[in-house]
Amino acid sequence: MSDGSLYTVTELAKQLGMTPRAIRFYEDKGLITPQRAGTTRVFSARDRARMILILRGKRLGFSLSAIKEYLDLYDTDVTQHAQLKLLAAGVARRRAQLLAQRQAIDEALAELDDIAAQTEAALQSPAPRARRAAG
DNA sequence: TTTCTCACA
DNA sequence: TGTGAGAA
């Protein structure tokens with residue numbers, strides 16, 4: 001079912017475009033648990049697939065702990081029902097978050113456009129005289 | 001080379 | 001959420 005491909009940290013890091021340091025960091029956080037040959041890490045094809053899922057989760061803006069929570073269910077949950085529920089909930093939350101950000105960005109852009117228009121208009125009109133000191 | 005730990009942003 | 005440095 002699974003090939004017997006094995007990788008070192010550096011190999012896997014290179015393949016996935018990340019640093020070995022980051023992989024060890026994820027292991028430290030419990031997201032991956034590679035085998036050991038003595039003290040050196042040995043990554044299986046399964047670890048590799050898992051790492052790819054981690055990267056995807058990151059790319060979509062999920063926290064490492066959220067990703068871990070989801071991945072942990074993969075091993076325990078036979079039917080994957082709980083896993084799917086968690087994923088659906090996470091996706092909905094993240095989606096709402098991104099929509100809110102888009103809204104905020106749109107508002108900021110609109111406001112900046114207003115300022116740009118105002119400054120542009122001010123630059124077109126004659127320069128104001130220096131203000132006299134009151135008195 | 002790889003690992004671990006501590007400091008740092 | 002990572003990186004860099006130092007020691008083993």
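One atom, CG of A:Asp28, and another, P of B:dC4, lie 9 Å apart when rounded to the nearest Å. Protein atom CZ of A:Phe25 is 20 Å distant from nucleotide atom P of B:dT2, rounded to whole Å. Atom C1' of nucleotide B:dT5 and atom CZ of A:Arg24 are separated by 13 Å, given to the nearest angstrom. Note: CD (A:Glu27) to P (C:dG2) measures 15 Å, nearest angstrom. The separation between A:Ile54 atom CD1 and C:dG2 atom C1' is 14 Å, rounded to whole Å. Summarising the geometry, the separation between CG on A:Leu12 and P on B:dT3 is reported as 12 Å, rounded to the nearest angstrom. In this structure, the CD1 atom of A:Ile67 is 13 Å from the C1' atom of C:dG2, given to the nearest Å. At whole-Å resolution of the value, CD1 in A:Ile32 and P in C:dT1 are 14 Å apart.
A:Tyr26 has a side-chain polar atom (N or O) that falls below the 4.0 Å cut-off from OP1 or OP2 of C:dG2. Note on A:Lys29: every side-chain N or O is 4.0 Å or more away from OP1 and OP2 of C:dG2. For A:Thr10 and B:dT2, the shortest distance from a side-chain N or O to OP1 or OP2 is below 4.0 Å. The shortest distance between the side-chain N/O atoms of A:Thr19 and the OP1/OP2 oxygens of C:dT3 is below 4.0 Å.
A salt bridge does not link A:Arg46 to A:Asp3: none of the charged side-chain nitrogens sits closer than 4.0 Å to a carboxylate oxygen.
When atom types are taken as modelled, the side chain of A:Glu107 and the backbone of A:Ala104 share no donor-acceptor pair closer than 3.5 angstrom. When atom types are taken as modelled, the side chain of A:Arg48 and the backbone of A:Ser5 share no donor-acceptor pair closer than 3.5 angstrom.
If you check the side chains of A:Gln35 and A:Arg41, you find no donor sitting under 3.5 Å from an acceptor.
Across B:dT2, B:dC4, C:dG2, the shortest atom-to-atom separation from the side chain of A:Val9 is found for B:dT2. Of the candidates C:dT3, B:dT2, C:dT1, C:dT3 carries the atom nearest the A:Ala22 side chain, counting heavy atoms from C-beta on.
Across all strands, A:Arg41 comes closer than 4.0 Å only to sugar-phosphate atoms, never to a base (heavy-atom distances).
Residue A:Thr76 is tested with A:Leu73, A:Val78, A:Asp72 for a side chain to side chain contact (heavy atoms under 4.5 Å, CB included); the sole match is A:Leu73.
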